[in-house]
Amino acid sequence: MEKYDKESNNRYDLGKWIWVVAILGISLTSFHLYTAFVGSYGALIQGAIHLGSALALIYILYPINKRAKGKAGVPWYDALLSIAALFSCFYIVWHYERLVTDTVLFGFEPLDIIVSFLAIVLLLEATRRAVGMPIVIIAIAALLYGVYGNMAWLGVFSHSGFSWSNMTTQLMYSTEAIFGTPIQISSTFIYLFLFFGVLLVRTNIGQFFNDMAFRLTGRYTGGTAKAAVAASGLQGMVTGSSVANTVGSGSFTIPMMKRSGFRPEFSGAAEATASTGGQLMPPIMGAAAFIMAEYVGIPYNELIVYAIIPAILYFLGVFLGTHFEARKHGILGVPKSELPPVSSFAKRLDMILPLVTIIGLLLIGYTPTYAALWGIGAAFAISFLRSDTRLSLLGILQAMEQGARVALPVIAACASAGIIVGIVVFTGLGGTLANGIIQIAGGNFFLVLFLTMLACILLGMGLPTTANYVVTASVAAPAILAFDVPPIAAHMFVFYFGIVADITPPVCLAAYAGAGIARANPMRTGVMAFKVAIAAFIVPYVFVANPVLLLQDWTFATLIGPLLTAIIGMVAISATLMNYFIDKPSIIERFFLFAGGIMSVYPNDIFISLGGIAIIVVIGLIQYFRKKKQDQDPSPTTA
């Protein structure tokens, strides 16, 4: 975790500071539970308490560098930075009335400007420690662009420019930047869902989902890999981190896949791909779906319904990859005697209630905050039914502290992403970039999609899910929206490609983490993850061209055609990349199989799609009769 996941680089020995962490962590979780129950404060006050407490904890928990990690206690300078971070955010709480009213007429005082500058510096350093350099570099570049954007050499990207004082106060004391939509959502219900995930792990309810996945898929061809994909997908939608989920569930699933005969690089790739895909799976989608609902302007309970078909297609693609890999190497399923018995599920069926509670409340129209609160309550209540899941008072307090620890990188990332969003809004950069992409593409829609895809993958490299989506939605989505594409389709497009950056070489952190556990070559594992996750690179193009797959203006008659052609095309393309269909294909067969797959998913032209399906059927028949003949011919014996 420490090697591949920046979020896990905590201090080893806190000494007496462990009590400070416990008090701050428990207080932060209590604050969110309280405001969820009685109602949140205004955006600036809620966000300031949320962010200030998180920054204070980050400076205590995350050392300045790796060398300082093993030293006991917390150095004086980090203690000072922790207090300064707490002060700089709580300054808003103490001076709230003046900051939102008097400053409109009289401007900001010198101390306001100093505090805003201090807060931004402390935020960026905390983000560097807890999340990593990529997002900090982008945020600093945005800040420099905000101040020095009036340079003539910037051409069409130039703007009038801001002074440092004007820019820092705008970023810190408005609800359009640091305390904009990302941190507002993080401070209301993302935190609650992360705490819900902690409770599932602490009460062993999460293990129930793993056992269920193994029971459902373990006995089929390549069963260990398919079970790992299902289990990791279920966990990944809650954790919100591709790397954390890869390491957490991969420590169990990857060795199991290797023992059953899968190659090390495939074992690591399958786990990384499924863990990454978990963030595309409703209802939680790595917490970014909450922000997407606000950006797109649709109710959250509608958005998670729209996201179902693309998520199913993604995981179908991953299952196809594991199936073809297993068939190629003759890897069978797990013996029935080694699978969890059905009787064990009957005894633990109540464990599914917390997730059912959340999904049910969301679908009938309750707010995510309300649904998360009841989901937490259900998980907490069910834990008391069994001795092995029951939480003691100490266990409850530890879970509350752990909830805060898990949320820290997400909070820092959302706040830093808010800087980028603020600059994009204040300078009009989003529209300028969109026009630039359209001009480079010569107005060609599919070339615009391709360039947007590259931009999203580049922006997404090394960024956590929520920050990843915020940045790509602000910078890349406007280019697609210029072509009168439904907003949900444009935002889902950038969301998908921002997420798959974690499994796209050369910077594929989830694949590298999987390779570390599998003891495989990292780059080969990354390339294999790309092959297994090929659906993630096809599905977004399909649903942008055919928004009916996002249930936009759909009927059964208009949905069934694009859905079937997409599935058939994915089968062919996955078989091509995994080098196995009904039999191992020749080079010529692979070429036509791939061409048939691309033709099948080609949008809005039924004749091209039917031609592609015909090619796939012909290749399948050729392989079927060839394999049948090989099976009938006796193999030559050796002396």
Side-chain angles (χ1 to χ4, degrees), residues 138 142 145 156-157 159 176-177 180-182 184-185 280 285 288-300 302-307 309-311 417-418 420-460 463 465-501 536-554 562 603-604:
I138 297 173
Y145 176 73
V156 295
F157 294 103
H159 62 91
E176 295 180 316
T181 298
Q184 288 174 29
I185 295 172
L280 307 173
M285 299 169 67
F290 304 123
I291 300 175
M292 190 187 302
E294 293 292 324
Y295 278 10
V296 179
I298 61 176
Y300 180 80
E302 290 183 18
L303 185 143
I304 59 177
V305 174
Y306 298 155
I309 290 178
I420 301 165
V421 173
I423 297 297
V424 169
V425 171
F426 299 153
T427 62
L429 178 62
T432 305
L433 279 174
N435 292 332
I437 290 175
I438 293 170
Q439 288 177 10
I440 293 172
N444 183 284
F445 179 53
F446 283 99
L447 189 53
V448 167
L449 290 180
F450 180 76
L451 293 175
T452 305
M453 176 192 75
L454 295 180
C456 290
I457 291 174
L458 288 171
L459 289 169
L463 300 188
T465 302
T466 45
N468 183 330
Y469 168 69
V470 171
V471 173
T472 54
S474 303
V475 175
I480 305 175
L481 290 169
F483 286 85
D484 198 29
V485 171
I488 181 64
H491 281 262
M492 286 290 287
F493 185 92
V494 300
F495 177 58
Y496 262 63
F497 283 115
I499 295 298
V500 299
F537 295 87
I538 297 173
V539 171
Y541 286 93
V542 177
F543 65 60
V544 166
N546 278 311
V548 68
L549 291 176
L550 291 169
L551 303 182
Q552 302 295 295
D553 300 323
W554 71 285
N604 304 324

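All residue numbers refer to positions in the sequence shown, counting from 1. FYI, side chains are in, hydrogens and waters are out, and symmetry mates aren't considered; it's all heavy atoms of this structure.
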Please report the interatomic distance CG(Leu454) to CG(Leu449), rounded to the nearest 0.5 Å.
11.0 Å
Measuring from Thr472:OG1 to Ile457:CD1, what's the distance to the nearest 0.5 Å?
11.5 Å
Under 3.5 Å, sequence neighbours excluded: what are the donor-acceptor pairs made by side chains of residues 473-498?
unit_1 : atom_1 : unit_2 : atom_2 : d
Ser474 : OG     : Val470 : O      : 2.8
His491 : ND1    : Tyr469 : OH     : 2.7
Tyr496 : OH     : Pro310 : O      : 3.2
Tyr496 : OH     : Ala311 : N      : 3.2

When the side chains of residues 289-296 are checked against the rest of the protein, which donor-acceptor pairs come out under 3.5 Å, sequence neighbours left out?
none

Pairwise side-chain contact, Phe543 with Gln552, heavy-atom cut-off 4.5 Å (strictly under)
no
Taking atom OH of Tyr145 and atom OG1 of Thr427, what is their separation to the nearest 0.5 Å?
4.5 Å
Begin from the C-alpha positions of Glu176 and Phe426 and carry the test side chain to side chain contact (heavy atoms under 4.5 Å, CB included) through to its verdict.
CA-CA 9 Å; Glu176 295 180 316; Phe426 299 153; 3.4 Å; yes
Supply the atom-to-atom distance Ile298 CD1 to Tyr306 OH, rounded to the nearest 0.5 angstrom.
5.5 Å
